[in-house]
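Read the structure below first, then the notes.
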Amino acid sequence: VDISGSTREEIYDYIEDGDPVIIWNTEDMLPTKNEVYYIDGNEFIWYDNEHCVVICGYDKNNNTVEIADSIAGKVTRDADTFFQRYEDMLSQAVYIRVK
(Lines give C-alpha, C1' and ligand atoms only; values in the text may rest on other atoms or scores of the structure.)
Protein backbone atom coordinates (compact mmCIF):
# COMPACT_ATOMS: atom_id res chain seq x y z
CA VAL A 1 0.00 0.00 0.00
CA ASP A 2 1.37 3.42 -0.95
CA ILE A 3 1.81 5.48 2.22
CA SER A 4 4.02 8.16 0.70
CA GLY A 5 3.87 11.39 2.66
CA SER A 6 3.28 9.61 5.98
CA THR A 7 4.68 11.19 9.12
CA ARG A 8 7.17 9.51 11.44
CA GLU A 9 4.38 8.69 13.91
CA GLU A 10 2.19 7.19 11.19
CA ILE A 11 5.09 5.00 10.07
CA TYR A 12 5.68 3.94 13.67
CA ASP A 13 2.00 2.93 13.87
CA TYR A 14 2.43 0.58 10.88
CA ILE A 15 5.47 -0.96 12.58
CA GLU A 16 3.47 -1.39 15.81
CA ASP A 17 0.84 -3.27 13.82
CA GLY A 18 3.56 -5.66 12.63
CA ASP A 19 3.60 -4.45 9.04
CA PRO A 20 6.99 -3.92 7.37
CA VAL A 21 7.51 -0.49 5.81
CA ILE A 22 9.73 0.08 2.79
CA ILE A 23 11.16 3.59 2.73
CA TRP A 24 13.16 5.46 0.10
CA ASN A 25 16.27 6.73 1.80
CA THR A 26 19.94 7.20 0.91
CA GLU A 27 22.93 4.89 0.94
CA ASP A 28 24.67 5.01 4.32
CA MET A 29 22.40 7.91 5.32
CA LEU A 30 24.48 10.29 3.20
CA PRO A 31 22.93 13.59 2.11
CA THR A 32 21.24 13.55 -1.26
CA LYS A 33 23.00 14.92 -4.30
CA ASN A 34 20.53 16.13 -6.87
CA GLU A 35 21.35 16.80 -10.49
CA VAL A 36 19.06 18.67 -12.85
CA TYR A 37 18.80 17.69 -16.51
CA TYR A 38 16.87 19.34 -19.29
CA ILE A 39 15.55 17.15 -22.08
CA ASP A 40 13.40 18.64 -24.82
CA GLY A 41 12.72 21.64 -22.58
CA ASN A 42 11.55 19.50 -19.65
CA GLU A 43 13.32 19.57 -16.29
CA PHE A 44 14.25 16.24 -14.69
CA ILE A 45 15.80 15.90 -11.25
CA TRP A 46 18.07 12.92 -10.61
CA TYR A 47 18.34 11.99 -6.93
CA ASP A 48 21.77 10.44 -6.44
CA ASN A 49 22.37 8.09 -3.46
CA GLU A 50 18.80 6.80 -3.68
CA HIS A 51 18.30 3.59 -1.72
CA CYS A 52 15.38 1.61 -0.31
CA VAL A 53 15.38 0.01 3.13
CA VAL A 54 12.86 -1.78 5.31
CA ILE A 55 12.19 -0.19 8.68
CA CYS A 56 11.43 -2.98 11.10
CA GLY A 57 11.64 -1.37 14.52
CA TYR A 58 12.27 1.79 16.51
CA ASP A 59 13.24 2.98 19.97
CA LYS A 60 11.84 6.39 20.91
CA ASN A 61 13.93 6.55 24.09
CA ASN A 62 17.18 6.22 22.14
CA ASN A 63 15.83 8.06 19.06
CA THR A 64 16.78 5.18 16.76
CA VAL A 65 15.22 3.06 14.05
CA GLU A 66 16.17 -0.47 13.13
CA ILE A 67 16.36 -1.15 9.43
CA ALA A 68 17.04 -4.05 7.11
CA ASP A 69 19.42 -2.70 4.48
CA SER A 70 20.40 -4.74 1.42
CA ILE A 71 23.90 -3.21 1.58
CA ALA A 72 24.63 -2.82 5.31
CA GLY A 73 22.47 -5.63 6.73
CA LYS A 74 20.35 -5.16 9.84
CA VAL A 75 21.49 -1.87 11.38
CA THR A 76 20.37 0.83 13.79
CA ARG A 77 20.23 4.44 12.61
CA ASP A 78 19.56 7.81 14.24
CA ALA A 79 15.83 8.44 13.76
CA ASP A 80 16.14 12.18 13.09
CA THR A 81 18.68 11.66 10.31
CA PHE A 82 16.74 8.70 8.94
CA PHE A 83 13.51 10.65 8.63
CA GLN A 84 15.31 13.70 7.22
CA ARG A 85 16.65 11.49 4.41
CA TYR A 86 13.14 10.08 3.95
CA GLU A 87 11.86 13.65 3.46
CA ASP A 88 14.82 14.47 1.19
CA MET A 89 13.73 11.56 -1.02
CA LEU A 90 10.22 13.03 -1.31
CA SER A 91 8.73 11.01 1.59
CA GLN A 92 8.16 7.87 -0.47
CA ALA A 93 7.06 4.74 1.37
CA VAL A 94 4.97 1.59 1.03
CA TYR A 95 3.92 -0.97 3.57
CA ILE A 96 3.12 -4.61 3.18
CA ARG A 97 -0.09 -5.59 4.87
CA VAL A 98 0.63 -8.94 6.49
CA LYS A 99 -2.64 -9.50 8.31
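Model, not experiment: these values are computed from the prediction.
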Hey, can you pull the donor-acceptor pairs under 3.5 Å for the side chains in residues 43-53, sequence neighbours left out?
{"unit_1": "Glu43", "atom_1": "OE1", "unit_2": "Tyr38", "atom_2": "OH", "d": "2.9"}
{"unit_1": "Asn49", "atom_1": "ND2", "unit_2": "Pro31", "atom_2": "O", "d": "2.8"}
{"unit_1": "Glu50", "atom_1": "OE2", "unit_2": "Trp24", "atom_2": "NE1", "d": "3.2"}
{"unit_1": "His51", "atom_1": "NE2", "unit_2": "Asp69", "atom_2": "OD1", "d": "2.8"}

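With sequence neighbours left out, Phe82 forms a ring-ring contact (aromatic ring centres under 6.0 Å, His included) with no residue at all. Scored by the side-chain contact (heavy atoms from CB on, under 4.5 Å) test, Asn62 finds Asp59, Thr64 as partners (sequence neighbours excluded). Partners of Ser70 by side-chain hydrogen bond (donor to acceptor under 3.5 Å, both in side chains), not counting sequence neighbours: none found. Residues passing the side-chain hydrogen bond (donor to acceptor under 3.5 Å, both in side chains) test with Asn61, sequence neighbours excluded: none. Residues passing the salt bridge (charged side-chain N to carboxylate O under 4.0 Å, His left out) test with Asp13, sequence neighbours excluded: none. Every residue was checked against the salt bridge (charged side-chain N to carboxylate O under 4.0 Å, His left out) condition with Glu35, not counting sequence neighbours, and none meets it. Taking Asn42 as the reference, nothing meets the side-chain hydrogen bond (donor to acceptor under 3.5 Å, both in side chains) condition, with sequence neighbours excluded. Checked against side-chain hydrogen bond (donor to acceptor under 3.5 Å, both in side chains), Tyr12 has no partners two or more places apart in sequence or in another chain.
Looking at every heavy atom in both residues, Asp2 comes nearest to Ala93 through OD1-O, 3.4 Å. The shortest heavy-atom contact between Cys56 and Ala68 is SG-N, 4.0 Å.
To the nearest 0.5 Å, atom CD1 of residue Ile55 and atom CD1 of residue Ile11 are 6.5 Å apart. Remark: Ile22 CD1 to Ile3 CD1 distance equals 9.5 Å, nearest 0.5 Å. The structure places OH of Tyr14 at 5.0 Å from OG of Ser6, a figure rounded to the nearest 0.5 Å.
Transitive grouping of hydrophobic side chains (ILVMFWY, heavy atoms separated by less than 4.5 Å) keeps Phe83 and Val94 in distinct clusters. Both Val21 and Val1 are assigned to one and the same hydrophobic cluster, defined by single-linkage of ILVMFWY side chains at heavy-atom distances under 4.5 Å. Under the 4.5 Å side-chain heavy-atom criterion for ILVMFWY residues, a single connected hydrophobic cluster contains both Val75 and Tyr86.
Pairs of residues two or more places apart, or lying in two chains, that qualify as salt bridge (Lys or Arg N to Asp or Glu O under 4.0 Å) and include a residue from residues 70-83 are Arg8-Asp80, Glu66-Lys74. Annotation: side chain to side chain donor-acceptor pair (under 3.5 Å) contacts involving residues 25-34, sequence neighbours excluded, are absent. For residues 85-94, the salt bridge (Lys or Arg N to Asp or Glu O under 4.0 Å) pairs, not counting sequence neighbours, are Arg85-Asp88.
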